[in-house]
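Working notes, beginning with the structure itself.
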Amino acid sequence: PRVFDVLAEKATPVIKSEDEKCSLRILGPIHTVNWLQWYHCTVEPGGRLFSEAHDIGTLENITVLDGCLRIETGEDENLVYAGETIRYPADKDHVIINDSDMVATAIMVVVLGRPM
């Protein structure tokens, strides 16, 4: 098979949270950004990644690779441990939090819904 693109680690774009304790390495190609996005997430101890509501029907999927993350969406709250996956509606404000004393890593896949 033909290789379309190979990005060096330093060439992969990274988004940082407001508190600088969360980083999202953008793994998906630009041509899928309107309907499918995926990231490698690193959340330092005490880190919080707050997101405003996405489009109606948007679904976030997080698989924790190392550590533990707390996911809050609306009035719901869940702890997700290494090896576990959580899927939740992201069309309301939500936050990813690392309450532990170790770095947590995860893969996040976002399937976007329709615009509000």
Taking every non-hydrogen atom, the tightest pair across Ser100 and Asn98: OG-OD1, 2.7 Å
Residues which pass side-chain contact (heavy atoms from CB on, under 4.5 Å) with Ile86, listed by chain and number, not counting sequence neighbours: Ile62, Ile71, Asn78, Val80, Tyr88
Pairing residues for Glu77 by the side-chain contact (heavy atoms from CB on, under 4.5 Å) criterion, not counting sequence neighbours: Arg70, Glu72
Side-chain heavy-atom pair Thr42, Cys22 within 4.5 angstrom cut-off: no
Asp66 vs Val103, side-chain contact (heavy atoms from CB on, under 4.5 Å): CA-CA, chis, key distance, verdict: CA-CA 8 Å; Asp66 294 296; Val103 174; over 6 Å; no
Stepwise side-chain contact (heavy atoms from CB on, under 4.5 Å) test for Asn61 and Arg87: CA-CA 4 Å; Asn61 306 266; Arg87 298 178 181 96; 2.9 Å; yes
Sub-4.5 Å side-chain heavy-atom contact between Glu52 and Asp93: yes
Side chain to side chain, Val109 and Leu36, heavy atoms closer than 4.5 Å: yes
Where Val95 and Arg48 come nearest, the two heavy atoms and their spacing: CG2-NH2, 4.0 Å
Residue pair Leu24 / Tyr39: nearest heavy atoms and the distance that separates them: CB-CD2, 3.9 Å
hydrophobic_cluster_shared for Val14 and Trp38, side chain cutoff 4.5 Å: no
For the student: nearest non-hydrogen atoms of Thr12 and Arg25, plus distance: OG1-NH2, 3.3 Å
Met108-Ile97 co-clustered via ILVMFWY side chain contacts under 4.5 Å: no
Exam field: side chain Asp91 to backbone Gly57, donor-acceptor pair closer than 3.5 Å: yes
Residues, nucleotides or ligands: over 12 heavy atoms within 6.0 Å of Glu18 CD: no
Smallest separation among heavy atoms of Leu79 and Cys68, with atom names: CD2-SG, 4.1 Å
SG-CG distance between Cys41 and Leu49, expressed to the nearest 0.5 angstrom: 7.0 Å
Any side-chain heavy-atom pair of Gln37 and Leu112 under 4.5 Å: yes
Heavy-atom closest pair, residues Ala106 and Leu69: CB-CD1, 4.1 Å
Contact check, side chains of Val110 and Glu60, non-hydrogen atoms, under 4.5 Å: yes
